[in-house]
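What follows is a single structure, written as structure tokens, with notes after it.
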Amino acid sequence: MTLELFNTLTGKIEPLYASDGKALRFYCCGPTVYDYGHIGNFRTFLHVDVLRRSARLFGMKLHHVMNITDVDDKIIRNASAAGQSIGDYSAKFEKAFFEDMDALGVERPEDVPRATENINEMAALIERLAAEDIAYKAEDGSWYFRIARDSEYGKLSKKDFEGIEDGARVSVDEYDKDAARDFALWKATKPGETSWQTALGQGRPGWHIECSAMAMKYLGNSFDLHAGGEDLMFPHHENEIAQSECATHQPFARHWFHVRFLLVEGKKMSKSEGNFYTLRDLLLKGYRASAIRFLLLSVPYRHQLNFTFDGLTESTNAVDRLRTFHTRVRDGKWPERASNGAAIAEVIRTGEEKFLAALGNDLNTAEARAAIFDVLRAVNTAADHGNFTSSNAEATLALLAKFDSIFAVLEDRDADLTRAALAWAKAEGRLDEADPQVIEKFGEAGLSDADIDALVAERTQAKRQRNFARADAIRNDLLAKGILLEDSKDGVRWKRA
RNA sequence: GCACCGGUGGCGAAGUGGCUAACGCGCUGGUCUGCAAAACCAGUAUUCGAGGGUUCGACCCCCUCCCGGUGCUCCA
């Protein structure tokens with residue numbers, strides 16, 4: 001079975017493979033750490049995570065690189081407003097970014113280089129371009145890329161630049177450029193701004209050059225795949241290609257992967273629309289990290305996803321069903337033999353085939369999850385009818401492990417993650433942003449697991465004495481506090497609703 | 001304005017030129033239960049934005065229109 005992906009560069013679905021026969025070398029444009037990440041950012045990183053996990057499931061080894069942009073205009077502006085050095089300022093948001101990625105179950109790339117630690121590589125790359133007069137220095141000391149020298153410019157975004165007159169849209173002389181579309185490689189700095197002394201002069205790198213320099217440093221001049229949000233296609237990725245290929249005269253990335261933007265409640269997410277959410281905002285409202293992950297993955301990466309609170313509730317319920325099912329299969333006592341164990345074995349086998357085929361077909365996560373729910377229903381039915389054996393259970397658990405190696409929602413870390421978000425809000429003096437019910441359930445005054453276990457035991461005792469009034473009172477109290485009880489043959493299970 | 005993407009049941013969302021239009025959530029009835037929850041069973045789109053066309057046959061191909069979204073500028 002092969003993993004095929006749409007390639008923006010060619011406009012076709014093509015097999016993904018490691019061209020060096022060893023590891024899939026891929027680069028993903030990482031965050032600019034100037035603020036907390038929002039769910040739009042995370043949709044991209046989540047789908048890149050699915051790509052990475054799928055590549056591994058299809059047998060590939062990985063060398064995944066993601067940069068951290070820790071110097072840029074916004075960081076400089078915000079750090080100075082906060083009275084901090086850009087190093088301290090960006091370090092705070094880099095840490096927060098990875099906490100959020102962990103909360104969402106996103107794996108760490110193999111290498112995560114920072115822009116500020118690769119200034120020399122960037123300067124060296126610009127010098128190579130300068131040697132061929134493709135890069136030129138403007139009067140203010142900034143360096144630009146001469147687009148006129150790149151006949152292939154626009155091949156990724158398929159833009160037609162013929163009709164666009166130089167200077168028609170931007171005032172050229174403001175930027176001291178030879179042509180309006182020439183883009184900055186190196187920015188001369190204003191006094192007081194953080195800057196680096198290099199052969200290019202005193203200054204700081206442009207945004208695009210970062211990714212070219214770091215991608216090639218870790219992955220070589222040519223590598224397998226480059227990923228990012230759809231907005232990066234132009235100009236960022238186009239410029240990366242131009243710089244890199246003009247410098248090395250070799251193809252840059254073979255395969256380009258772009259994740260579409262999401263909508264929030266039907267509109268583009270923006271602060272002015274009031275529909276802008278960070279992960280932390282949602283956790284403080286009481287939504288679970290696992291539901292957010294599942295929702296963001298439930299629509300394939302090339303389709304627009306409309307993120308809604310109803311959708312979040314739906315995903316919460318769907319994840320619950322999967323977890324309940326997983327627990328049932330794992331903890332149940334299943335017989336060695338059953339009259340119809342072979343039939344369900346076949347259902348599990350075809351379910352796995354469908355699951356892998358769906359992922360292999362341009363990462364169709366919607367179909368992949370449907371395949372798992374097909375198996376879920378069939379197994380529940382078989383189990384209810386005594387047609388489910390211990391070896392069927394093993395096969396089901398193996399399939400669920402494969403499912404979870406992509407979706408990563410079965411393990412329940414939600415309550416801990418919500419508590420961590422509350423602790424953060426408290427430390428930042430932002431506890432007022434949390435839903436009061438969330439504070440009640442998960443805050444320091446909330447019930448601990450031990451408290452709940454004690455109440456559950458008391459209820460079991462009451463039930464044994466047929467004191468149903470007391471038993472139901474305990475159950476209702478717990479429910480009011482967001483704890484849901486489930487009686488079963490094997491005892492009482494509880495979960496946080 | 002130019003370009004691109006989408007419009008499938010109450011909601012979300014797959015999908016294919018021809019088998020009963022996946023799957024999830026929700027809802028209704030039933031089984032189980034002291035009652036619930038979980039689980040299961042049954043039901044929940046004669047129909048895929050509208051109108052034309054191509055075809056033996058279209059939700060899927062072509063044209064027109066309507067609606068929503070996105071890009072063309074910093075943005076995941």
Side-chain angles (χ1 to χ4, degrees), chain A residues 11 28-32 34-35 37-48 72-74 157-161 163-164 169-170 181 207 227-236 258-263 266-271 276 291 294-296 298-308 310-325 327-328 332 354 358 361 364-385 463 466-469 471-472 475-476 478-479 483-490 492-495 497:
Chain A
C28 171
C29 291
T32 300
Y34 69 98
D35 204 345
H38 60 252
I39 54 176
N41 295 312
F42 291 121
R43 162 132 128 131
T44 297
F45 295 120
L46 241 9
H47 278 282
V48 171
D72 93 316
D73 293 346
K74 285 189 285 265
S157 53
K158 291 154 187 83
K159 287 193 181 303
D160 177 13
F161 294 105
I164 299 170
R169 308 175 57 240
V170 212
R181 301 203 77 93
W207 173 40
E230 63 167 333
D231 58 306
L232 298 185
M233 204 164 94
F234 183 86
H236 184 55
H258 291 103
V259 180
R260 280 205 84 174
F261 268 2
L262 57 69
L263 263 36
K267 293 211 165 116
K268 182 172 175 175
M269 179 168 65
S270 73
K271 284 182 178 164
F276 182 96
F294 203 60
L295 175 57
L296 291 174
S298 64
V299 176
Y301 76 95
R302 280 209 289 148
H303 290 272
Q304 207 162 48
L305 160 73
N306 186 11
F307 186 96
T308 64
D310 285 348
L312 224 30
T313 303
E314 176 197 317
S315 292
T316 304
N317 294 340
V319 169
D320 262 343
R321 178 134 95 115
L322 289 163
R323 286 178 179 169
T324 302
F325 174 68
T327 308
R328 178 183 194 190
K354 283 185 188 166
N361 180 21
N364 191 334
T365 45
E367 243 183 50
R369 63 169 254 191
I372 295 304
F373 277 103
D374 281 337
V375 172
L376 178 149
R377 250 180 307 102
V379 165
N380 269 330
T381 303
D384 277 6
H385 295 199
K463 272 179 65 178
R466 302 196 68 76
N467 182 356
F468 294 119
D472 289 352
R475 186 173 64 197
N476 289 335
L478 285 171
L479 186 61
I483 313 297
L484 203 69
L485 301 194
E486 287 174 17
D487 293 340
S488 79
K489 291 191 286 293
D490 309 318
V492 184
R493 278 193 299 271
W494 61 263
K495 60 190 182 193

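Here is how names work: the chains are called A, B, and so on, in the same order as the sequence lines, proteins then strands, and each is numbered from 1. What's counted below: heavy atoms across the whole structure, side chains too, no hydrogens, waters or symmetry copies.
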Trp494(A) side chain reached by Leu478(A) side chain, heavy atoms, under 4.5 Å: no

So what does Pro300(A) touch, heavy atoms closer than 4.0 Å: a base, only the sugar-phosphate, or nothing? sugar-phosphate

Atom pair distance, as rounded to whole Å: CZ in Phe307(A) and C1' in rG12(B): 13 Å

Quantified in whole Å, what is the C1' atom distance between nucleotide rG15(B) and nucleotide rA45(B)? 15 Å

When the C1' atoms of rC59(B) and rU46(B) are considered, how many whole Å apart are they? 14 Å

rG68(B) to rU54(B) separation - P atoms, rounded to the nearest Å: 31 Å

Heavy atoms under 4.0 Å is the rule here; annotate nucleotides 29-40 of chain B 5' to 3' with B where the base is hit, S where only the sugar-phosphate is, and - elsewhere. -----BBBBSSS

Please give the distance between the C1' atoms of rU47(B) and rG7(B) as a whole number of Å. 15 Å

Round to a whole Å and report the spacing from CZ of Phe294(A) to C1' of rG12(B). 12 Å

I need the Cys29(A) SG to His258(A) NE2 distance, nearest 0.5 Å. 8.0 Å

Rounded interatomic separation in angstrom, taking CZ from Phe234(A) and P from rC2(B): 20 Å

Determine the interatomic distance between C1' on rC74(B) and the same-named atom on rC61(B); round to the nearest Å. 41 Å

Between atom NE2 in His258(A) and atom C1' in rU70(B), what is the gap in whole Å? 15 Å

Side chains of Phe294(A) and Arg369(A) in contact at under 4.5 Å (non-hydrogen atoms): yes

C1'-based separation of rG49(B) from rG9(B) [nearest Å]: 15 Å

For the backbone of Asn364(A) and the side chain of Asn361(A), can you confirm whether one donor and one acceptor N or O come within less than 3.5 Å of each other? no

Can you tell me which nucleotide in rC74(B), rG26(B), rU70(B) comes closest to the side chain of Pro235(A)? rC74(B)

Below 4.5 Å, heavy atoms only, C-beta onward: do His236(A) and Phe234(A) meet side chain to side chain? no

Between rU70(B) (P) and Asn306(A) (CG): distance, integer Å: 11 Å

Taking the same atom, P, in rG18(B) and in rC75(B), what whole-Å distance lies between them? 44 Å

Close approaches to RNA chain B from residues 40-48 of chain A, in residue order (heavy atom, under 4.0 Å): Gly40(A), Asn41(A), Thr44(A)

Within the side chain of Ser315(A), is there an N or O that forms a donor-acceptor pair under 3.5 Å with the backbone of Leu312(A)? no

Mind pulling the stems RNA chain B is in, i.e. runs of at least three Watson-Crick or G-U pairs, everything under 3.5 Å? B:1-7 with B:66-72, B:10-12 with B:23-25, B:26-31 with B:39-44, B:49-53 with B:61-65

Show me the protein contacts with nucleotides 5-11 of chain B, counting only N or O atoms at under 3.5 Å.
from   : atom 1 : to        : atom 2 : distance (Å)
rC5(B) : O2'    : Arg260(A) : NH1    : 2.9

Gap between atom CG of Leu262(A) and atom CZ of Arg260(A) - 0.5 Å precision: 11.0 Å

To the nearest Å, how far apart are Met233(A) CE and rA3(B) P? 16 Å

Closest of rC72(B), rA14(B), rA76(B) to the Val299(A) side chain is rA14(B)

Contacts of Arg377(A) meeting side-chain hydrogen bond (donor to acceptor under 3.5 Å, both in side chains) (sequence neighbours excluded), chain-then-number -> Asp374(A)

Integer-rounded Å distance: rA76(B) P and Leu305(A) CG: 17 Å

For Lys268(A) and rG71(B), is the shortest distance between a side-chain N/O and OP1 or OP2 below 4.0 Å? yes

Pairing residues for Pro235(A) by the side chain to side chain contact (heavy atoms under 4.5 Å, CB included) criterion, not counting sequence neighbours: His208(A), Asn239(A)

Report yes or no: does His38(A) contribute a side-chain atom to a donor-acceptor pair with the main-chain N or O of Ser270(A) at less than 3.5 Å? no

More 5' along RNA chain B: Ala318(A) or Glu230(A), using each one's nearest nucleotide? Ala318(A)

Over how many whole Å does the gap from Trp207(A) atom CH2 to rC74(B) atom P extend? 8 Å

On RNA chain B, more 5' by nearest nucleotide between Leu263(A) and Cys29(A) is Leu263(A)

P spacing across the pair rA76(B) / rG6(B), given as an integer number of angstrom: 25 Å

Val48(A) and Tyr301(A), any side-chain heavy atoms less than 4.5 Å apart: no

Treating Glu230(A) as the side-chain partner and Phe261(A) as the backbone partner, does any N or O pair qualify as donor plus acceptor under 3.5 Å? yes

